[in-house]
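The chain is numbered in sequence order, starting from 1.
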Amino acid sequence: MSDAPTVFEPPARLTLALRSHPLRASLSAEMHVRRLPRFASPARAVQIVTLLGETGEASWRHVCELAARGGLTIAQRAKYAVVPLDDMTLVWERHTEFASYTLLREGSFDVPFDPGIFDPVGAEVLAGIPGEVIRATQIAIAPRDTSRPAQAVLDRWFDPGALVVCDVAGGKARLLSDFKLHADGYGRLLILDQGLEGDEPSQLVTRVQELGNYRNMALLGLPLAQATTPEVTKLEHRLAVLTHDVSERRSEDDALLDELTFLSAELARLAAATRYRMSATKAYAQLSLERLHALDVAPVPGHQTLSDFTERRLTPAVRTCDSFSNRIEDLQRRAGWTSSLLRTRIDIALAKQNRDLLGSMDRRTKLQLRLQQTVEGLSVVAISYYAVALLAYPIKALPGINHELAIALSVPAVLLTVAALVGRMRRHLSE
């Protein structure tokens with residue numbers, strides 16, 4: 001009997017033939033993006049992060065052109081691609097607001113931060129990258145158990161006053177960087193392998209770079225908050241003056257309402273112009289702190305850690321943006337309260353005017369009723385007069401009676417009859 005393992009092949013009846021959701025494939029693919037291919041130390045990498053603006057189509061087209069050299073095709077809505085380029089690999093990721101291009105090259109190196117190691121492919125990749133660079137980093141992963149470079153060498157590579165040294169990944173790697181832009185336009189990151197295995201080198205580089213990328217994206221909200229704060233301060237002072245004027249009634253309510261409406265519109269404009277950036281800052285900061293926690297940072301005596309560097313710079317910026325957003329929201333609420341108070345006062349004044357108008361109309365109605373009653377009395381007399389005059393003609397035609405007396409006696413009867421008819425008509429109209 002053969003000892004070869006049996007390979008299970010599902011029968012045809014188990015093959016899934018049900019209709020899939022339109023997003024099923026893309027959701028499955030989404031779980032496998034945002035990662036670097038597996039590699040081992042030593043290795044070199046360079047990552048460029050660019051802001052996309054309104055669309056990422058230009059970034060996609062650029063990567064398609066690079067992939068076409070190797071006969072690869074990238075899907076229209078792809079957000080991630082791994083493109084082999086000669087003896088190195090390009091990893092492209094498209095995010096909502098930015099795209100990252102990572103060139104990875106395995107193998108030993110003599111100079112850790114020499115960008116020429118990626119030429120000529122690196123120059124071709126950089127030449128057509130669309131957008132504006134928000135972050136660029138050179139990464140060197142030293143061979144396992146490489147001793148820490150001498151201090152004089154570190155002073156040439158990094159700014160001694162800003163050097164960050166700490167252990168990450170549970171002590172399996174040591175990270176060194178000053179997180180500054182150098183003369184070549186890149187930041188520098190040195191990773192000493194102290195026992196990384198399997199996917200750990202790629203996971204470590206991914207987390208460190210995502211931490212820096214999200215941190216920079218979070219900091220984009222700080223200049224906007226700082227530039228807009230003076231305008232918010234002016235509106236805040238103006239709102240205080242208007243609120244005082246509303247309480248003191250120092251000006252016309254209509255003028256106050258016009259100013260409050262204009263102020264509310266300005267606050268709404270500022271909120272609309274800054275809300276997305278402030279919300280993005282909060283989201284990116286949260287992602288940065290999550291990546292920092294995943295790195296499992298441990299201190300190295302005598303040096304600041306990555307946690308110290310990140311929290312000392314990122315946390316105040318995020319709190320400034322949060323304070324700015326909360327300030328605008330508070331001003332909008334206060335402007336709404338003041339406007340509601342003023343509108344209530346205007347409504348009360350209008351109610352009083354309407355009450356006075358209704359009272360005046362009631363008095364005018366009563367006066368018209370009295371006038372109508374007077375006119376009705378006169379109309380009874382007038383109708384009776386003409387009725388008696390008409391009745392006189394047949395009375396005068398009767399023989400053997402005193403015509404004058406008969407006409408005189410008909411007057412009360414005619415008056416009573418006309419009054420009864422007019423009264424009946426008035427009651428009918430009232431009903």
| said: What I'd like to find out is whether the side chain of R215 reaches to under 4.5 Å of the side chain of T310, using heavy atoms alone. | reply: yes
| Is the closest basic N to carboxylate O distance between E97 and R277 below 4.0 Å? | yes
| message | Less than 3.5 Å apart, any donor N or O on the side chain of W337 or T243 sitting next to an acceptor on the other? | response | no
| request: Applying side chain to side chain contact (heavy atoms under 4.5 Å, CB included), run through L189 and L175 and close with a yes or a no. | output: CA-CA 7 Å; L189 176 65; L175 183 148; 3.5 Å; yes
| task | Say whether, by atom type as modelled, one donor and one acceptor occur between the side chain of H62 and the main chain of V125 under 3.5 angstrom. | result | yes
| Any donor and acceptor pair, going by atom type alone, linking the side chain of T233 with main-chain N or O of T229 inside 3.5 Å? | yes
| message | I need the T274 OG1 to R269 CZ distance, nearest 0.5 Å. | response | 9.5 Å
| 4.5 Å side-chain heavy-atom contact, I74 and W60 | yes
| query | Which residue pairs pass the ring-ring contact (aromatic ring centres under 6.0 Å, His included) test when at least one of the two sits in residues 173-201, sequence neighbours left out? | reply | F179-F309
| field | Side-chain donor or acceptor of D178 paired with backbone N/O of D159 under 3.5 Å | value | yes
| Any ion pair linking R44 and E106 (charged N to carboxylate O, less than 4.0 Å)? | no
| To the nearest 0.5 Å, how far apart are CZ in R61 and CG in L66? | 13.5 Å
| task | Give a yes or no on whether F262 atom CZ has more than 12 heavy-atom contacts from other residues, nucleotides or ligands under 6.0 Å away. | result | no
| said: For a side chain to side chain contact (heavy atoms under 4.5 Å, CB included) check, start with the C-alpha distance between R291 and Y214, then their side-chain angles and the critical distance, and finish with the verdict. | reply: CA-CA 9 Å; R291 298 300 186 273; Y214 291 139; 4.0 Å; yes
| task | Measure the shortest side-chain to side-chain distance between S41 and P201 over non-hydrogen atoms and say whether it is less than 4.5 angstrom. | result | no
| field | For A218 against A285, the heavy-atom pair lying closest together | value | CB-N, 3.8 Å
| note | By salt bridge (Lys or Arg N to Asp or Glu O under 4.0 Å), R207 pairs with (sequence neighbours left out) none
| query | Mind checking whether L220 and I134 have side chains closer than 4.5 Å, heavy atoms only? | reply | yes
| note | Taken to the nearest 0.5 Å, the spacing of T102 OG1 from I139 CD1 works out to 7.0 Å
| Could you go step by step and tell me if T50 and Y101 meet the side chain to side chain contact (heavy atoms under 4.5 Å, CB included) rule? | CA-CA 9 Å; T50 61; Y101 307 80; 3.7 Å; yes
| query | Do S360 side-chain atoms and D356 backbone N/O form a donor-acceptor pair below 3.5 Å? | reply | no
| said: Does T305 form a side-chain hydrogen bond (donor to acceptor under 3.5 Å, both in side chains) with D308? I'd like the steps, not just the answer. | reply: CA-CA 5 Å; T305 67; D308 298 332; 3.1 Å; yes
| message | Test: salt bridge (charged side-chain N to carboxylate O under 4.0 Å, His left out). Region: residues 310-322. Which pairs qualify, not counting sequence neighbours? | response | none
| remark: Rounded to the nearest 0.5 angstrom, the NZ-SG distance for K282 and C321 is 11.5 Å
| query | Do NZ/NE/NH1/NH2 and the carboxylate oxygens of E200 and K172 come within less than 4.0 Å? | reply | yes
| Under 3.5 Å, side chain of R345 to main-chain N/O of V246, donor-acceptor pair present? | yes
| said: Can you tell me how far apart CG (L211) and CG (L306) are? Round to the nearest 0.5 Å. | reply: 5.5 Å
| note | Taking every heavy atom of F39 against every heavy atom of S202, the minimum-distance pair comes out as CE2-CA, 3.5 Å
| field | Where I48 and A136 come nearest, the two heavy atoms and their spacing | value | CD1-CB, 3.7 Å
Donor-acceptor pairs are to be reported for all side-chain atoms of residues 112-124 against protein atoms at under 3.5 Å, with residues two or more places apart or in another chain.
residue, atom, partner, partner atom, Å
D114, OD1, G116, N, 3.1
E124, OE1, R69, NH1, 2.5

| query | Does the pair R334 and D330 meet the rule for a salt bridge (charged side-chain N to carboxylate O under 4.0 Å, His left out), with working shown? | reply | CA-CA 6 Å; R334 288 166 54 189; D330 178 66; 3.5 Å; yes
| remark: Residues passing the salt bridge (Lys or Arg N to Asp or Glu O under 4.0 Å) test with R188, sequence neighbours excluded, are none
| Partner set under ring-ring contact (aromatic ring centres under 6.0 Å, His included) for F324, not counting sequence neighbours | none
| task | Please determine if E231 and K234 form a salt bridge, counting it only when a charged side-chain N lies under 4.0 Å from a carboxylate O. | result | no
| said: Within the structure provided, determine whether V165 and R148 are in side-chain contact (heavy-atom separation under 4.5 Å). | reply: yes
| Exercise: identify the closest heavy-atom pair between V83 and A67 | CG1-CA, 3.7 Å
| Any idea which heavy atoms bring L263 and L235 closest together, and the distance? | CD1-O, 3.6 Å
| said: Rounded to the nearest 0.5 Å, what separates atom CD in Q332 from atom CZ in R327? | reply: 13.0 Å
| request: May I ask you to test the L224-M278 pair for a side-chain heavy-atom distance under 4.5 Å? | output: yes
| Nearest heavy-atom neighbours spanning A99 and S59 | CB-OG, 3.6 Å
| query | Can you find a heavy atom in the side chain of S108 that is under 4.5 Å from one in the side chain of P143? | reply | no
| query | Side-chain contact, heavy-atom cut-off 4.5 Å: S177 with T137? | reply | no
